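Written below as structure tokens is the structure these notes are about.
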Amino acid sequence: MSEERKRILNMLAEGKISADEAGKLLDTISDGPVQPPETSVAEPGTKKTPSYMYVKVTSTDDDNVDVKVPLNLLRAGLRFTSLIPPKAMEHINTQMAEKGISFNLNNMKQEDVEELIQSLSDMEVNVNSKNGDKVRVYCA
Amino acid sequence: MIKLPSSIRIRVKEEGGKGFGFRLPMWLFWIPLILLYIVLIPLIIIADIVMKCINQDYRIFTVTWEMFPLLAALRGLDVHVWNEITQSEIVVKIS
């Protein structure tokens, strides 16, 4: 325990200050020194939030497809889950839990969506079929 | 601030290299969409009241407020389909 905290608690015990005053004083010392402003330089190891999902299809028939989908569509689409009636939502959650997916759509917050999107940067799907067709899905 | 897409670019090239392309300003779509919305407002209000009766947590005009971010999220959508042998391609870009 720091000296300052001890002093404040002693003053409270001696009745020199009220509990409210002691609380305010303790809050002041627990805030600590003023933090320097955050810089815009990313810390090493932090992931860049992906902005797009890329789907690239190359077939042996030379039919190629490139699709670039903005991930903002995912954010906007997830907002529509509020339209699902509560009973239907419960049914969905029950069915997902039965399949081993313990995920509750009711508890999904904006921070969870952002975390989900950030973790998509590690996602990459590569499919190579027997006849030489290739599909690649990734986020960047 | 929500920024709706400003233009859509479509290019279609057929076998042999013939084709066409154009760039349309998106306000050509937004203005009729807004007019359609104004016409449908009574139905939208009825639907919102029904949704509120079904789901007490439902906020009125949720679909309206969430439609704009959804349309704005279309910015950056890029679809490119092409065939190297026939030299045909279809490009759709929303920016």
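Order of the sequence lines fixes the chain letters, A, B, ..., with proteins taken first and strands second; residue numbering starts at 1 for each chain. Fair warning: this is a prediction, and the values are worked out from it, not measured in the lab.
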ask   = Is Y54(A) reachable from V125(A) through a run of hydrophobic residues whose side-chain heavy atoms are each under 4.5 Å from the next?
value = no
task = Count the heavy atoms of every other residue, nucleotide or ligand shown that sit under 6.0 Å from CD of E124(A), and state whether that count exceeds 12.
result = yes
Within residues 132-140 of chain A, residues adjacent to chain B where the heavy-atom gap is under 4.5 Å = none
request  = Measure the NZ-NZ distance between K93(B) and K68(A) for me, rounded to the nearest 0.5 Å.
outcome  = 7.5 Å
query = Do L4(B) and I38(B) share a hydrophobic cluster, counting only Ile, Leu, Val, Met, Phe, Trp and Tyr and linking them when any side-chain heavy atoms are less than 4.5 Å apart?
reply = no
query = To the nearest 0.5 Å, what is the distance between OG1 (T86(B)) and CG (D61(A))?
reply = 11.0 Å
Test log, rule side-chain contact (heavy atoms from CB on, under 4.5 Å), inputs V69(A) and L77(B) = CA-CA 5 Å; V69(A) 181; L77(B) 182 68; 4.2 Å; yes
inquiry  = Does W65(B), at its CH2 atom, have more than 12 non-hydrogen atoms belonging to other residues, nucleotides or ligands within less than 6.0 Å?
reply    = no
key: Linked, directly or transitively: Y37(B) and I46(B) (ILVMFWY side chains, under 4.5 Å)   = no
inquiry  = With rounding to the nearest 0.5 angstrom, report the OG to CG distance, S88(B) to D62(A).
reply    = 10.5 Å
ask   = What are the two closest heavy atoms between P70(A) and G76(B), and how far apart are they?
value = CG-C, 3.9 Å
ask   = Is the CZ atom of F68(B) crowded by more than 12 outside heavy atoms at less than 6.0 Å?
value = no
ask   = Between V65(A), N72(A), D66(A), which shows the greatest number of heavy-atom pairs under 4.5 Å with chain B?
value = D66(A)
key: Within one Ile-Leu-Val-Met-Phe-Trp-Tyr cluster: V92(B) and M53(A), side-chain cutoff 4.5 Å   = yes
query = According to a 4.5 Å side-chain heavy-atom criterion applied to Ile, Leu, Val, Met, Phe, Trp and Tyr, with indirect links allowed, do I31(B) and M67(B) form part of one hydrophobic cluster?
reply = yes
query = Who among V79(B), L70(B), V91(B) has the most heavy-atom pairs with chain A under 4.5 Å?
reply = L70(B)
task = Examine whether an atom of L74(B) lies under 4.5 Å from a heavy atom of chain A, and if so say whether it belongs to the side chain, the backbone or both; otherwise answer neither.
result = both
